Amino acid sequence: MNWGPIWATAGAVIAALLAGIGSAIGVGITGQASAGVVSENPDLSGKCLLLQLLPGTQGIYGLLIAVVIALQSGLMSGDVSKLIADPTMGVRYMLAGLPIAFGGLLSAIYQGKVAVAGINMVAKKPTESGKGMVMAIMVETYAVLSLLISFLLVIGIH
Amino acid sequence: MIVAMKRLSLVALKADRDAILNALQEAGTVEIINCSDGEAANGDADAVNARIQRLAESISAVKPYAKKAGFLSPQKREMTLSGIREYVPKAETASGEIEELLHTQTRLLSEREKALSTRAALEPWTGLTVPMDTVKNTPRVHYFIGLCASKDVPRVQEQDYIAAEFLADSSTVPTILAAKEADTRAVQIFLKTIDWQDYVFPKMNGTPREAIEELDRRIAEIDAAYAVAQKNLEAQGETIEILQNAYDAETIDADRLNAKNDLTYTASAFVLEGWVREDEVEKTEQTIKGVTDAYSFETRDPIEGEEPPSVVKNSKLVTPFEEVQTLYSRPSYGTIDGTPYMTPFYILLFGLMLSDTGYGILLMLGSWLYIKKKKPTGMSAGITRVLFWGGLSTIVWGVLTGSFFGITRTDASGGVFTAIGQFFDRIGIFPAWIDPMKDSMAMLGLCFGLGILHIVAGYLVGAIDRFSKGDWKAAVFDQISWVLITLGLVIGFLPAITNMAGSPIELPKAVTMPALIAAAVGALMVVLFKGREKKNPLKRLTSGLGGLYDITSVLSDILSYARLFALGIATGVIGQVFNMLSNMLTGSSNIVLAIVGAVLCIVLVIALHTFNVAINALGAFVHCARLQYVEFYGKFYESGGKEFRPLSYNTKHVQVTK
């Protein structure tokens, strides 16, 4: 059994999968809140949409790491000889995918919750939407940091 | 900078009041302070507020049916005040008609609801073949009409003093019972022991089946009437501009009428108290002089305990960035306006987060087009201009880091994308500086470097502000000390840090030693003087040592700039992934499929990159704002200023012109 490519694939999968799930949940709950607010006041749909988009970035970060793993490890081109020669390399890819997988999963969910609160704030005070966005972006910081460390670890594997 | 405010006291004759308020509203320079005793009832204001409410309801009722404004048509129509006032009577009529239509619709809906529920209740009784009004009590016979549970039907049949007619075979059986008048009481008691529900026929003629047909006819009529009302309402969609113009005209009047309530009165004069910008005092006095010469106009500086509104004034380039600051909070009056200091950093850092020449061009062109065509006002005017400058910076950073719509020098997306990448490689100046994918540590170092610059600038702005207020202790011990600590530690440990990162930068001891000494001096200043207000030396020392703990927050502030790098690669790599996806559609050997593929590829490239630039520009905008609010403003800014709300033309749909 050639474990190297399997581990590397697992790394790409876990990064895209978990971060994607997180964003789906985050965008989902903010979408529900937006729909409620917009049903009362359709003029606010633009502001609600911006807040709804914020928890969507973690999914993109997960995809990014998955693609970089696939490119870097040769999964994309099909040339996996390096992974077969050194299976620990595959394990390293898998481990490198973990920060954005879990950081993305949880930060997207919590960012979604903050964004829901922001949307409720917009319903009451439409002029304060910027503050709601800043509050949500505070949570995203940790997804960005996860992305960064995953990225640095992945491109460090030779 | 923050504009100085003057407290205005204006006394003039009551007879001139309306003319003066009109002129002041046109000038838009005075925020009137409410000085009335609070009981000045003003019937005019109430009436106009009620009219505004009605107009607002009418506007939202017909809005779905109004012609949509073109995508690039201006946000607000330009009209004169007298121009929009002319629409008030017309709008009155229109909103009356709209209200009437809405009432009709509500009434029809409730009638329909009622007819439907009557019909549903009659449904089980279609088995009755005689007119409903024939089933009524006579002097000798008493009828009981109701729904009987099917399990209780045998028990009803057992009662020999009741004649029963079961009209259907279902779980609840529509039943008509007849009994002698004398047995009425006995039947009532019996019915209580079984599952029985009384029913009363609606007051309608004919058999239940005929009544249902009649109800169906009625519902159809209601539906038709509703459709007519709906059509008329949709036709009213045309009146939306009339309604909006009138709404703004009435709002302007209401603001002025409400202002009357804020004045104090004597028998023949009134007193107006308010705030004026220092640079508009002259203009305000001229405005009043234009109306009357019987007035007293006095201004003075704000005194202790008063909280004047906070207005900032900046150069044309910096002004849009005031909106970014306002999103956080206005500066407290008498403190420092951060906008001019924040602006260069905002532009610099925004571009680094997107860092793609192609996206920069899109952003710049898009916001330029929006400003030219849409003529945005207020906050959106500021934000689009911020995006315009951010776009320019993005173009520059894109060249420096070598990314164009996600295509880099070493592009591997295939097809035309790789060809462009190879072209960049040949010309050799793209990237002009750092390739973040290859040289990620250098890029990260650059981000931290910019961060340190930003943070130190924050401390210095604070120091200059404290100096200018004459508080040199605060400037030196709270601000300069941290500049020494931050810069000293960074320079002192630079060789060690870069050595860990794999590309050591060697600095001579003659540089690192003094840097570390400076950091130690800074730390000593914090320890000794942080608690300089405290008398007890022990408490003072504890407070100083606690202050030194802030070094961790400086460290986390610096690390926070890692987002610059992460967001930069997020934009670039995702752009690259999108190119790769689009390219997969091309390259078929079949000529027809190749053409279809190429067309689809172009469509997909445009759609995906539009998405990418939109979501990343949003991210860059908010993340960059956060770096200003937390990392930069945290060092010197005092928030909590009040908004300046002068009496002016505060309109929603129309831009009032002369």
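Keep in mind that what you see is a predicted model, and the values were worked out from it rather than measured. Side-chain atoms are counted along with the backbone in the values below, which use heavy atoms only and exclude waters and symmetry mates. Below, chains carry the letters A, B, ... as their sequence lines are ordered, and counting in each starts from 1.
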TODO: Please indicate whether A/K82 has more than 12 foreign heavy atoms, meaning atoms of other residues, nucleotides or ligands, lying under 6.0 Å from its NZ.
DONE: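 Atom NZ in A/K82 is not packed in, count stays at 12 or less.
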TODO: Would you give the length of the straight line joining atom CG of A/L148 to atom CG of B/L559, rounded to the nearest 0.5 angstrom?
DONE: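 It is 10.0 Å, given to the nearest 0.5 Å.
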- [ ] To the nearest 0.5 Å, tell me how far A/M135 CE sits from B/R626 CZ.
- [x]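 These two atoms lie 13.5 Å from each other.
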Open item on the list: Within the structure provided, determine whether A/I60 and B/F611 are in side-chain contact (heavy-atom separation under 4.5 Å).
Closed with: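 Of all side-chain heavy-atom pairs linking B/F611 with A/I60, at least one is under 4.5 Å.
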- [ ] Please tell me if the side chains of A/V144 and B/H623 come closer than 4.5 Å, counting only heavy atoms from C-beta onward.
- [x]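 The answer is yes, as the side chains (C-beta and beyond) meet within the 4.5 Å cut-off.
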Tell me, side chain or backbone of [X] under 4.5 Å from chain A's heavy atoms, or both, or neither?
| X | answer |
| --- | --- |
| B/Y328 | backbone |
| B/V630 | side chain |
| B/K63 | side chain |
| B/M379 | neither |
| B/T326 | backbone |

So which part of [X] gets closer than 4.5 Å to some heavy atom of chain B, the side chain, the backbone, both or neither?
| X | answer |
| --- | --- |
| A/L50 | both |
| A/L71 | side chain |
| A/M138 | both |

Open item on the list: Heavy-atom pairs under 4.5 Å with chain A - which of B/V573, B/V577, B/I615, B/I569 has more of them than the others?
Closed with: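 Among the listed options, the one with the most contacts to chain A is B/I569.
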TODO: Return the option, out of B/V324, B/V622, B/N612, with the maximum number of heavy-atom pairs under 4.5 Å with chain A.
DONE: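 Among B/V324, B/V622, B/N612, the one with the most close pairs to chain A is B/V622.
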Open item on the list: Given B/R563, which partner from the list A/I137, A/T141, A/L145 fulfils the side chain to side chain contact (heavy atoms under 4.5 Å, CB included) test?
Closed with: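 For B/R563, the side chain to side chain contact (heavy atoms under 4.5 Å, CB included) test succeeds with only one of A/I137, A/T141, A/L145, which is A/T141.
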Open item on the list: Tell me which one of A/L49, A/T57, A/L54 satisfies side chain to side chain contact (heavy atoms under 4.5 Å, CB included) with B/L618.
Closed with: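 Of the listed options, the one satisfying the test is A/L54.
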TODO: For A/Y61 and B/I574, run side-chain contact (heavy atoms from CB on, under 4.5 Å): C-alpha distance rounded to whole Å, both residues' side-chain angles, the deciding distance at 0.1 Å, then the answer.
DONE: CA-CA 9 Å; A/Y61 299 157; B/I574 292 297; over 6 Å; no
Open item on the list: How close do A/L64 and B/A570 get, counting heavy atoms only, and between which atoms?
Closed with: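 Minimum heavy-atom contact is CD1-CA, 3.1 Å.
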Task: Non-hydrogen atoms of A/K131 and B/L327 that approach each other most closely - done: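 Nearest heavy atoms, A/K131 then B/L327: CG-O, 3.1 Å.
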TODO: Kindly determine whether A/V67 and B/Q576 satisfy side-chain contact (heavy atoms from CB on, under 4.5 Å), including the steps that lead there.
DONE: CA-CA 10 Å; A/V67 170; B/Q576 212 174 323; over 6 Å; no
Open item on the list: Using the rule given for side-chain contact (heavy atoms from CB on, under 4.5 Å), can you reason through B/E643 versus A/T127, listing the C-alpha separation, both sets of side-chain angles and the distance that settles it, and then say yes or no?
Closed with: CA-CA 13 Å; B/E643 190 186 352; A/T127 51; over 6 Å; no
TODO: Could you list which of residues 86-107 of chain A have a heavy atom closer than 4.5 Å to any heavy atom of chain B, in residue-number order?
DONE: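 From residues 86-107 of chain A, none sit under 4.5 Å of chain B.
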